[in-house]
Amino acid sequence: MFISGIGAISASGIGTENL
Amino acid sequence: SISKDALLSVKNKYDLRRADRYTAIVMASAVQACADAGFADCAMADTGIIIASSFGPHRTTFAFLNDILDYPEDQVLPTTFSHSVHNAAASYVASSLQIRGPTISLTGFEDLWFDALELSDVFLNSGCCQRIVLVGVEELALLTQSLPSILPDSFHCRLLEGSVALLLSSTPEGKNYTSITCSRRSSCGEKPDRHSSCATANDFLGGAFQTALKALASSNQPGTTISIG
């Protein structure tokens with residue numbers, strides 16, 4: 001299977017740039 | 001902790017007036033994963049939803065139980081009850097993003113992230129659906145915040161809070177970060193002492209973040225594969 005999109009939320013906020 | 005403004009913006013965008021905090025956390029990551037893949041605000045047919053969480057919406061569940069203790073049975077809030085159901089957040093994702101397909105909520109305390117990835121793989125390989133919105137989520141509430149002091153042997157460090165969503169597809173599409181495979185290792189003898197590294201609950205959400213990080217790291221190298229064991 002393939003990863004087509006990523007999303008995340010943590011204390012640092014929403015968005016993959018926070019990962 | 002997760003900022004209220006971040007959750008409020010998601011709730012406002014999708015008109016989730018009555019949604020609880022757990023639902024908003026799930027929605028924030030799921031919406032972003034779909035938008036990242038280029039499927040924002042459009043119906044996604046043939047798509048499944050799998051939401052994995054060790055503790056689920058336990059903040060809402062306990063709120064409902066507290067109401068049962070404080071008020072007569074016919075005066076507790078039906079809204080609180082409906083949100084205390086484990087699958088409620090998955091239904092919000094399906095409804096808000098107009099996703100049609102199988103909707104599953106998983107819970108467990110051992111290898112939950114692996115189980116969720118493996119189930120996604122089974123769904124995609126069996127032709128059950130073409131895409132899966134997979135969300136790993138943990139919300140902190142009184143119970144989970146107190147666990148290190150109640151059960152220091154099992155939960156010796158502070159639990160993580162957050163949510164990771166992956167849009168998984170059976171064929172390359174969207175951002176197409178990388179391919180991902182799951183292989184269950186046969187266990188011989190005793191399992192290693194997991195407490196020596198971190199609490200199992202943290203392993204779950206930490207594992208989800210690690211998978212997302214690996215996918216992001218591999219986005220510059222097409223054709224790579226992440227192997228989860």
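All values reported here derive from a predicted model rather than from experimental measurement. Order of the sequence lines fixes the chain letters, A, B, ..., with proteins taken first and strands second; residue numbering starts at 1 for each chain.
By number of non-hydrogen pairs under 4.5 angstrom with chain A, the leading residue of B/L168, B/V164, B/L213 is B/L168. Most heavy-atom pairs under 4.5 Å with chain A, from the set B/P172, B/C34, B/A30: that is B/P172. Most heavy-atom pairs under 4.5 Å with chain A: of the set B/G174, B/S9, B/S29, B/G162, this distinction falls to B/S29.
Contacts between B/T171 and chain A at a heavy-atom distance below 4.5 Å involve the backbone alone (N, CA, C, O). Both the backbone and the side chain of B/S169 come within less than 4.5 Å of a heavy atom in chain A. Contact annotation for B/C182: only side-chain heavy atoms (C-beta onward) come within less than 4.5 Å of a heavy atom of chain A. Heavy atoms of B/T178 lying under 4.5 Å from chain A belong to its backbone as well as its side chain. Only the side chain of B/L124 has a heavy atom closer than 4.5 Å to any heavy atom of chain A. Contact of B/V10 with chain A is made through the side chain alone, with heavy-atom distances under 4.5 Å.
For the pair A/I3 and B/L167, the minimum side-chain heavy-atom distance is 4.5 Å or more. The shortest distance between side-chain heavy atoms of B/V137 and A/I9 does not fall below 4.5 Å. Considering only heavy atoms from C-beta on, A/S10 comes within 4.5 Å of B/F209 through its side chain. At least one side-chain heavy atom of B/Y177 sits less than 4.5 Å from a side-chain heavy atom of A/I6. Residues A/S4 and B/E173 have side chains in contact (heavy-atom distance under 4.5 Å, counting atoms from C-beta outward). Put simply, the side chain of A/M1 reaches to within 4.5 Å of the side chain of B/L117, judged on heavy atoms.
Taking every heavy atom of both residues into account, A/I14 and B/Q32 meet most closely at CG2-CG, 4.1 Å.
Around the CD atom of B/E118, the shell of radius 6.0 Å holds more than 12 heavy atoms that belong to other residues, nucleotides or ligands. Under a cut-off of 6.0 angstrom, the local environment of CG in B/L8 is crowded, with over 12 non-hydrogen atoms contributed by other residues, nucleotides or ligands.
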